[in-house]
Amino acid sequence: MAATVSFTVESPRGPRTVSVAYERTGSGEPLLLLHGIGHHRQAWDPVIPVLAVERDVIAIDLPGFGASPALPDDLTYGLTTVAPLLGAFCDALGVDRPHVAGNSLGGLLALELGREKLVRSVTALSPAGFWTEGERQYAFSTLRAMRLAARSMPLPLVERLSRTAAGRTVLTSTIYARPGRRSPEAAVLETVALREATGFHQTLAAGRDVRFTEDVPGLPVTVAWGSSDRLLLRRQGIRAKHTVPGARLVRLPGCGHVPMNDDPALVARVILDTSR
């Protein structure tokens with residue numbers, strides 16, 4: 001069952017209350033899971049049963065996505081706001097320096113949490129921030145097109161498309177290499193999540209000038225990239241390795257931009273190996 005926690009963060013106009021929806025399951029050392037832009041915590045559902053055997057798994061909806069409300073008006077969606085906010089979220093749950101795994105935007109946030117020494121280990125799956133300007137523009141244009149498509153399709157059409165593998169390919173093939181494996185219910189819910197994400201445009205705007213350029217020394221880091229990622233091309237993984245030379249760079253064969261559904265066993269193993 002989802003829960004919500006509210007906590008206070010600082011803003012230019014004083015303290016503000018932020019609320020975050022999350023699900024928590026399993027036992028062991030804490031592991032925080034961060035989804036990508038326009039997605040929601042359910043992106044991690046395929047791997048959570050395996051992770052929860054060995055970890056206290058906390059999957060969250062980032063502010064302005066999924067069931068988490070938008071940030072207060074005087075808070076931005078940039079790294080310098082959201083990374084400390086995630087630290088405050090962990091404090092509110094009584095969690096000290098969790099392991100963290102993130103995908104896309106979540107991968108970038110995971111690396112930033114590692115750089116700030118707020119976590120024990122980092123697994124970044126196709127993290128944002130290692131693009132050229134042309135690659136960033138391509139990714140952002142693709143994301144805007146996905147959002148427009150999600151907003152233009154009536155819900156009955158989305159539900160009808162979700163019932164066949166071909167229809168799920170129409171809905172989700174940009175982010176999954178094996179969209180037919182996604183369940184009909186999941187395909188509907190993530191299309192709705194993309195359509196209704198209140199933080200979508202502000203997050204894109206905050207990411208226009210983002211480059212991750214600093215090392216993350218002193219803790220285990222894995223950067224993993226799907227061999228069939230169509231949104232953030234896999235050559236960006238080489239740049240990530242140059243930026244974070246101590247990181248383990250892992251190829252995820254046959255996986256797309258959101259690899260958790262394409263190969264749950266492999267993704268879970270990569271996360272658990274990093275967080276030993």
Any luck finding a side-chain donor-acceptor pair between [X] and [Y] under 3.5 Å?
X: Y176; Y: E190; answer: yes
X: T222; Y: R248; answer: yes
X: H257; Y: S104; answer: yes
X: R182; Y: N261; answer: yes

Indicate, with yes or no, if the rings of F89 and Y22 have centres closer together than 6.0 Å.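 Yes, close enough.
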Working to the nearest 0.5 Å, report the span between CD of E159 and OG1 of T191.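 Output value for this atom pair is 10.5 Å.
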State the CG-OG1 distance between D74 and T81, to the nearest 0.5 angstrom. 9.5 Å
With heavy-atom distances below 4.5 Å as the criterion, would you say the side chains of [X] and [Y] are in contact?
X: V223; Y: V244; result: no
X: V158; Y: V192; result: no
X: L155; Y: V188; result: yes
X: L232; Y: F130; result: no
X: T17; Y: F7; result: no
X: V122; Y: P220; result: no
X: L34; Y: L113; result: yes
X: L85; Y: P63; result: yes

Got a donor-acceptor contact below 3.5 angstrom from the [X] side chain to the [Y] backbone?
X: R251; Y: A224; answer: no
X: T274; Y: V270; answer: yes
X: S152; Y: A149; answer: yes
X: R234; Y: S228; answer: no

S275 and S121: CA distance, side-chain angles, deciding distance, side chain to side chain donor-acceptor pair (under 3.5 Å) verdict: CA-CA 6 Å; S275 60; S121 72; 5.0 Å; no
Identify which one of R41, H40, H39 satisfies the side chain to side chain donor-acceptor pair (under 3.5 Å) criterion when paired with D61.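 It is R41; the other options fail the test.
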So if I apply the side chain to side chain donor-acceptor pair (under 3.5 Å) rule between E29 and each of R276, H99, R55, R97, which one comes out positive?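 Only one of R276, H99, R55, R97 forms a side chain to side chain donor-acceptor pair (under 3.5 Å) with E29, namely H99.
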Mind listing the closest non-hydrogen atom pair of [X] and [Y] along with its distance?
X: R178; Y: D263; value: NH1-CB, 4.2 Å
X: L118; Y: P98; value: O-CD, 3.8 Å
X: S126; Y: N103; value: CB-ND2, 4.3 Å
X: P253; Y: L266; value: CD-CD2, 3.9 Å
X: P46; Y: M260; value: CB-O, 3.4 Å
X: D229; Y: L233; value: O-CD2, 3.7 Å

Applying the 4.5 Å side-chain criterion to the ILVMFWY set and letting contacts propagate, would [X] and [Y] be lumped into a single cluster?
X: L171; Y: L143; value: no
X: L31; Y: V5; value: yes
X: Y138; Y: I238; value: no

Using the side chain to side chain donor-acceptor pair (under 3.5 Å) rule, collect all pairs that involve residues 196-206, keeping only residues at least two apart or in two chains.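 Counting only pairs at least two positions apart or across chains, no side chain to side chain donor-acceptor pair (under 3.5 Å) contact touches residues 196-206.
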How far apart are the C-alpha atoms of E10 and R16, what are their side-chain angles, what is the distance that settles it, and do they pass the salt bridge (Lys or Arg N to Asp or Glu O under 4.0 Å) test? CA-CA 6 Å; E10 290 300 320; R16 292 290 182 267; over 6 Å; no
Ring pair (Phe, Tyr, Trp, His ring centres under 6.0 Å), that's the test. Do W131 and F212 meet it? Break it down for me. CA-CA 9 Å; W131 41 46; F212 195 86; over 10 Å; no
